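By convention here, the first residue in the shown sequence is residue 1. Here the structure is a predicted model, which is why all the values come from computation and not from measurement.
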Amino acid sequence: MATPSLLLLLADGRFPAGAHAHSGGLEAAVAAGRVTDLATLEAFLTGRLATAGLVGAAFAAAAHRAAALAEPSVRSGALARLDAELDARTAAPALRAVSRRQGRALLRAGRAVWPDASFADLPATPGGPHQPLVLGLLCAAAGLSRVETATISAYGTLTGAASAGVRLLGLDPYQVQSLLVGLADACDGTAADAARAADDPPERLPAAAAPLADIHAEIHATWEVRLFAS
């Protein structure tokens, strides 16, 4: 059984998986004038949690569920279906590339810490596996529950962008932390919904979309100079 310390370690932005290099779309939203202060940052985070946060957490929880399958061929088949379904839900090519880039980074860290995890069952897709799938297998190897897995995923959706907001907008970090405290119940609720959804077939997992975020991601990818990778 996992200890609380393992949950904290995997939720920590300092875990060496490159999350600190990404703003979760906030950099482009700031440049477009859509996020300018604490109130608009809160609206951005709330929307991100309800869309990318829910989808990512559900797929992480579903990958955690797949890790428990006994037959390697069945596990690999389930993970391949999840990878394809998550790809279909990620409309922007830039965001698909980001998810796979973060998946590769998390996979490197995961293999170093839990080398016996079922990472070999991940599909050999170009660019690497999607980040939520790697997270699900990593959390399963760490002995975390499905709800804890979804919580880590949803929490990362909020904290990465919130931290970027401090750097991009010069916001008071204490006020940003207070904002995150206010979103804690919503984060837990999203994680619970995602964990329940993981019992559904891959094609019925959440597909919440944010078209403006897709547009911002494609624009951001064309910038020659930027502070964050995404």
Student: What heavy-atom pair brings Glu218 and Ala94 nearest, and what distance separates the two atoms?
Tutor: OE2-N, 2.7 Å
Student: List the atom of Ala62, the atom of Ala198, and the distance in Å for their closest heavy-atom pair.
Tutor: N-CB, 3.6 Å
Student: Spell out, as yes or no, whether a donor-acceptor pair under 3.5 Å connects the side chain of Ser178 to the backbone of Tyr174.
Tutor: no
Student: Drop me the distance from Arg100's CZ to Leu107's CG, to the nearest 0.5 angstrom.
Tutor: 12.5 Å
Student: So which atom in Leu82 and which in Phe59 form the shortest heavy-atom distance, rounded to 0.1 Å?
Tutor: O-CE2, 3.3 Å
Student: Apply side chain to side chain contact (heavy atoms under 4.5 Å, CB included) to Ala141 and list each qualifying residue two or more places apart in sequence or on a separate chain.
Tutor: Trp114, Ala117
Student: Check the hydrophobic clustering (I, L, V, M, F, W, Y; side-chain heavy atoms under 4.5 Å; chains of links allowed) and say if Val147 and Leu133 are grouped together.
Tutor: no
Student: Would you say Ser163's side chain and Thr159's backbone share a donor-acceptor pair under 3.5 angstrom?
Tutor: no
Student: Can you tell if the side chain of Pro123 reaches within under 4.5 Å of the side chain of Leu79, non-hydrogen atoms only?
Tutor: yes
Student: Treating Ser23 as the side-chain partner and Ala161 as the backbone partner, does any N or O pair qualify as donor plus acceptor under 3.5 Å?
Tutor: no
Student: Where is the tightest heavy-atom contact between Ala60 and Thr149, given as atom of each residue plus distance?
Tutor: O-CG2, 3.8 Å
Student: My understanding is that only residues two or more places apart in sequence, or in another chain, count here; which of them pass salt bridge (Lys or Arg N to Asp or Glu O under 4.0 Å) with Asp214?
Tutor: none
Student: Quick one: list whatever passes side-chain hydrogen bond (donor to acceptor under 3.5 Å, both in side chains) with Arg146, sequence neighbours left out.
Tutor: Asp199
Student: Can you name the side chain to side chain contact (heavy atoms under 4.5 Å, CB included) partners of Ala207, sequence neighbours left out?
Tutor: Arg89
Student: I need the minimum non-hydrogen distance between His220 and Arg226, along with the two atoms involved.
Tutor: O-NH1, 2.8 Å
Student: The criterion is salt bridge (Lys or Arg N to Asp or Glu O under 4.0 Å); which residues satisfy it with Arg75, sequence neighbours excluded?
Tutor: Asp121
Student: Hydrophobic clusters here meaning ILVMFWY residues chained together by side-chain heavy-atom distances under 4.5 Å, can you tell me if Leu135 and Leu86 are in one?
Tutor: yes
Student: Hey, any chance Leu6 and Tyr155 share a hydrophobic cluster, counting ILVMFWY side chains that come within less than 4.5 Å of each other, even indirectly?
Tutor: no
Student: Could you tell me the separation between the OG atom of Ser153 and the CG atom of Leu10, rounded to the nearest 0.5 Å?
Tutor: 12.0 Å
Student: Quick one: list whatever passes salt bridge (Lys or Arg N to Asp or Glu O under 4.0 Å) with Asp172, sequence neighbours left out.
Tutor: none
Student: Among the clusters formed by ILVMFWY side chains lying less than 4.5 Å apart, do Val113 and Leu122 turn up in the same one?
Tutor: yes
Student: May I ask you to decide if Ala91's main-chain N or O and Arg96's side chain share a donor-acceptor pair within less than 3.5 Å?
Tutor: yes
Student: Apart from Phe228 itself, what residues make up its hydrophobic cluster, given side-chain heavy atom links below 4.5 Å?
Tutor: Leu26, Val30, Val35, Leu38, Leu41, Phe44, Leu45, Leu49, Leu158, Val166, Leu168, Leu169, Leu171, Val176, Leu179, Leu180, Leu183, Leu227
Student: Any chance you could pull the hydrophobic cluster mates of Ile215, using side-chain heavy atoms under 4.5 angstrom and chaining through other members?
Tutor: Ile219, Trp223
Student: Report yes or no: do Asp193 and Thr190 form a side-chain donor-acceptor pair below 3.5 Å?
Tutor: no
Student: Check Asp83, Thr125, Asp87 against His130 for a side-chain hydrogen bond (donor to acceptor under 3.5 Å, both in side chains) and give me the one that passes.
Tutor: Asp87
Student: Are any of the side-chain heavy atoms of Glu85 and Leu205 separated by less than 4.5 Å?
Tutor: no
Student: For Arg81, what residues pass the salt bridge (Lys or Arg N to Asp or Glu O under 4.0 Å) criterion, not counting sequence neighbours?
Tutor: Glu203
Student: Considering non-hydrogen atoms only, spot the tightest contact between Pro132 and Ser99 and give its length.
Tutor: CD-OG, 3.9 Å
Student: Show every donor-acceptor pair shorter than 3.5 Å between a side-chain atom in residues 63-73 and any protein atom, with sequence neighbours excluded, or say none if there are none.
Tutor:
| residue | atom | partner | partner atom | Å |
| --- | --- | --- | --- | --- |
| His64 | NE2 | Leu144 | O | 2.6 |

Student: Ala208: what forms a side chain to side chain contact (heavy atoms under 4.5 Å, CB included) with it, not counting sequence neighbours?
Tutor: Thr51, Val55
Student: Group every Ile, Leu, Val, Met, Phe, Trp and Tyr by side-chain heavy-atom contacts under 4.5 Å, then state whether Val134 and Leu7 land in the same group.
Tutor: yes
Student: When you measure from the side chain of Thr36 to the backbone of Gly33, do you find a donor-acceptor pair of N or O atoms at a distance under 3.5 Å?
Tutor: no
Student: Could you tell me which residues satisfy side chain to side chain contact (heavy atoms under 4.5 Å, CB included) with Ala32, sequence neighbours excluded, listed by chain and number?
Tutor: Arg34, His216
